[in-house]
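Report on the following structure.
Computed from heavy atoms alone, side chains included, the values below leave out hydrogens, waters and symmetry copies. Every chain is numbered from 1, with letters handed out A, B, ... down the list of sequences.
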Number of protein chains: 2
Amino acid sequence: MEYITIKDIAKKLNVSISTVSRAFNDKYDIKKETRELVLKTANEMGYRPNPIAKKLIQKRSYNIGIVVPEFVNSFFPEVIIGAQEILHQKGYQVLVMQSNDSWEIELKNVETLVDNMVDGLIVSLSSEDHNNKYYNSLIKRGIPIVFFNRVVDEFEASKVLFDDFKWALFATEHLIIQGYKNITHIAGSKNLTLTKNRIKGFKAAHRKYKQELGSIIYAGFTMEDGERVALEMIEKEKVPRAIFAANDATAIGAMKIFKEHGFLIPDDVAFVGFSESRLAKNVSPPISSVEQPTYDIGQSTAKLLLDQIENKGLHIPQTLILNGRLNIRESSINLKKV
Amino acid sequence: MEYITIKDIAKKLNVSISTVSRAFNDKYDIKKETRELVLKTANEMGYRPNPIAKKLIQKRSYNIGIVVPEFVNSFFPEVIIGAQEILHQKGYQVLVMQSNDSWEIELKNVETLVDNMVDGLIVSLSSEDHNNKYYNSLIKRGIPIVFFNRVVDEFEASKVLFDDFKWALFATEHLIIQGYKNITHIAGSKNLTLTKNRIKGFKAAHRKYKQELGSIIYAGFTMEDGERVALEMIEKEKVPRAIFAANDATAIGAMKIFKEHGFLIPDDVAFVGFSESRLAKNVSPPISSVEQPTYDIGQSTAKLLLDQIENKGLHIPQTLILNGRLNIRESSINLKKV
DNA sequence: TTGTATGCGTTATCAT
DNA sequence: ATGATAACGCATACAA
C-alpha cells in the first residue's frame, strides 16, 4: 500500500510542502490560484490526507469513542444511533466498542480509544466494581467524557440518566393498584446504581401503600437469567402473584417458563418489565414495560460531550435526568379485580 | 493532556531513546538488566506507548474495523461478537461503525477506518448501488477485507455467506407442504444479492411443486415495513393464505397488523420468517424462522481476515457458505390439513 | 550491547 | 505569499 503524500504533490507542482499543507488548511496566507491548483492536482492524484500524522501533531482526531456493555438488546444500539446523529452533524466519526459486560475488555476498549486520541468518550459501564480510579484519572487528565445509563455517582463528569427510582416506583405502584399482593422484583446486576435505584423504588412503592415487601432476586439482564429465576421459583414453590423485572428480556424469559409450566399470565402471575424492548408489544401476552427515551439519551449525551469538547476549561459537569413512561399492557392488568 | 514518552524515560535513566524503544520491542540486542530496568521505570512513570506514532511508522494498528448497515436487529451484533472473540484472542481490537443503511455514511466509515490504518476490514454492505468501484480499488490497494451477509458477487475478496437460495426454497417448500396455496413473499431491499437469492428460492419451490407463483412485494427489513405491507394487503383485499417474509421483524410487523384486524395466525394467514431473531420464539404465535449461524458467521469472517492479514501475498479469496436450519413453529403449521 | 541519526506525514514556526 | 525546517513519538539502519 503506497500512500500519496503532500510531498508528492509538492514535487509535482514544484512548490514546497508547506504551500500544499496550507492549501488544505484554509488559511488566508496563500494565493487563491495556487490553492485551487493544489487542490485540483491533489484530487487528480488521489491524495488522501493522513489522519494519523495529523493526530500525532494535533493530538485530536475528530473521532468520538462510544463504549457499551453489550448491543444485543436494542437499548444501546438505539442510544448510539441517537448520539451518532448529533455527532455526524458536527463532523465527528463515531467508533463503537462493546465490552461483553466484562470490565477487562471495557478497560482495553477505553484505552484503545484514548490512545487513538479520540476527542471524547461516551461510556456506559460494564460494572462498577473496578472502574472508579481509572475513570477518575481519565477525568483528571482532562479527557472529555460523558457517562450514561450505567454510572458511578462519584464521577465528576456529565451524566445522562434515567430516573430509575421513580419509574420503578411507578411500575410497582401499578402492580399494587391492580390489587396484587406478594410482588417479587427480579433485579439486575447487583453492583449497578440503576439496580439499586430500581430496588429503592420497588421498596418505596410498598411503603407508600403499606404493603408487605415481597422478595428481591438478583438475576442479570438476559432472557436466560429470567428463565433460570422462574424455574427456581417453581421448583421451590415460591411463585409470586406478580413480578416486576429489571428488564424486558428477563421478564419474557421468566414468562416463557411460567407459561410452559401451565401458569396463566396475568391470571396466575402478572408481569411488568423495563426498557420497552421491541419484544414488549409482540410477546404473548403483550408485556407492560417502562419505556426509556433511548434516542434522546443518545442525543443528550452527544450534546453534553460536544459542549465539553468545545468549551474545555469552562465546562461544568451536569447530570441530566430524562423522563420515561409506563406502557401498560395485558401482562399486568388484573381483570378479576373488584 | 501531557503524555509521557520514551524520551522522558531515556532522560531519567540516562540512556538513549533507542535503548528504551528496544526494551519494549523484545529484540535481542539489549541486556536483560537494562531491559528490565527500563520496563520497570516506564511502568512507574505511567508510560503508555503512543499507538499513533507507532502506526505512522509501522503502518499497522492491530485494529480491525467492522462496518455494518445497522445493529438494532440482533443479527449483526451477534456476528460482531463472534468475530470479536477470535480477534481478541489474537490481540486485535475491534472498532465497529454502523451506516444506518446509508451508502454515504458507509463510505465515510470505511474511509475513516482505512485512514486510521486498521489492519483489516469486515464489511456488510448497506446497499449495492454505488459501492463497486470503491471497494474494488480498496481490494486492489491490498487492504485485507472480508465481506459477509450482504455482498456483491464481483468482488475479488473473501466472503462469508448464507445459502439464501436454499433456505428460502426450504422455507417456501415447508409452506407448500403444509398445504397452503397463494403464498406471498415479502422481500427485503431490492438491490441486495440476498434478496435476489431468496426470491429465486421462493420461485424454485413453486416450480418444484408445480404450484402457481404468488406475489412478491419489496418491503425492507423493519417491523414498520411489515406493518405497512400488511395494511396494504388488507386494504386492497389481497390477503394471501401464507407469507414468507425476508425477516422476522417484517413478519412480526405484518402479523401484528393481521391480528389487529381479526385474522387468525396461522388459520387465516400463515407465516415463516427469516434470521431467527430473539423475537421468533416469543411472539404469539411463535413464528417459524430460518436460523442463520450468526456466531459462526462472525468467527469465520474473522478467521478468513486473519489468514489474509498474516499471509498477505499468498492468500486466495474464498467464499464460505454456511448452513442454517428451519425452526418450525406454530405460525406456519396447518392443523386443518387433510 | 548501546548510541546516533533518519524518517513516517503532517502542522507550525520561523524566515524570506 | 511562499519556503525551509523543526517538531509530534516512535522504530530502525548504521555506527561505535
Could you give the [atom1]-to-[atom2] distance, from [X] to [N], as a whole number of Å?
X	N	atom1	atom2	answer
F24(A)	dA12(C)	CZ	C1'	17 Å
I9(B)	dA11(D)	CD1	P	11 Å
R60(A)	dA12(C)	CZ	P	12 Å
D115(B)	dG9(C)	CG	P	13 Å
Q58(B)	dG9(C)	CD	C1'	16 Å
I6(A)	dA4(D)	CD1	P	13 Å
K7(A)	dT11(C)	NZ	P	14 Å
L56(A)	dT11(C)	CG	P	12 Å

message = From C-beta outward on S21(A), which listed nucleotide comes closest to its side chain: dT11(C), dC10(D), dG9(D)?
response = dT11(C)

Candidate nucleotides dG9(C), dG7(C), dC8(D), ranked by approach to the side chain of I57(B) - the nearest = dG7(C)

message = With a 6.0 Å cut-off (strictly less than), is the heavy-atom count around CD of E44(A), excluding the residue itself, greater than 12?
response = yes

query = Within a reach of under 6.0 Å around CD of E156(B), are more than 12 heavy atoms found that belong to other residues, nucleotides or ligands?
reply = no

ask   = So, is K59(A) near the phosphate of dG9(D), with a side-chain N or O under 4.0 Å from OP1 or OP2?
value = yes

query = Which is it for V118(A) and I64(A) under the side chain to side chain contact (heavy atoms under 4.5 Å, CB included) test, yes or no, and what are the steps along the way?
reply = CA-CA 5 Å; V118(A) 290; I64(A) 300 294; 5.8 Å; no

ask   = What heavy-atom pair brings Q98(B) and N109(B) nearest, and what distance separates the two atoms?
value = O-ND2, 3.2 Å

note = Residues N63(B) and Y92(B): closest non-hydrogen pair is N-CD2, 4.3 Å

ask   = Using a cut-off of 4.0 Å on non-hydrogen atoms, how would the nucleic acid contact of K55(A) be classed: base, sugar-phosphate, or nothing?
value = nothing

key: Near-strand residues of residues 40-54 of chain A, defined as heavy-atom separation under 4.0 angstrom from DNA chain C   = Y47(A), R48(A), P49(A), N50(A), A53(A), K54(A)

key: Sub-6.0 Å ring centroid separation between Y47(A) and F24(A)   = yes

request  = Pick out which of L322(A), V123(A), V68(A) makes a side-chain contact (heavy atoms from CB on, under 4.5 Å) with F148(A).
outcome  = V68(A)

Enumerate all atom pairs, one protein N or O and one N or O from nucleotides 2-4 of chain C, separated by less than 3.5 Å.
residue	atom	partner	partner atom	Å
dT2(C)	OP2	K31(B)	N	2.8
dT2(C)	OP2	T34(B)	OG1	3.0
dG3(C)	OP2	S16(B)	N	3.0
dG3(C)	OP2	S16(B)	OG	3.1
dG3(C)	OP2	T19(B)	OG1	2.3
dG3(C)	N7	R22(B)	NH2	2.5
dG3(C)	O6	R22(B)	NH1	3.1
dG3(C)	O6	R22(B)	NH2	3.2
dT4(C)	O4	S18(B)	OG	3.0

message = Please determine whether a side-chain nitrogen of the Lys or Arg among D115(A) and K55(B) lies less than 4.0 Å from a carboxylate oxygen of the Asp or Glu.
response = no

query = Any Lys/Arg nitrogen of K108(A) or E104(A) sitting under 4.0 Å from an Asp/Glu carboxylate oxygen of the other?
reply = no

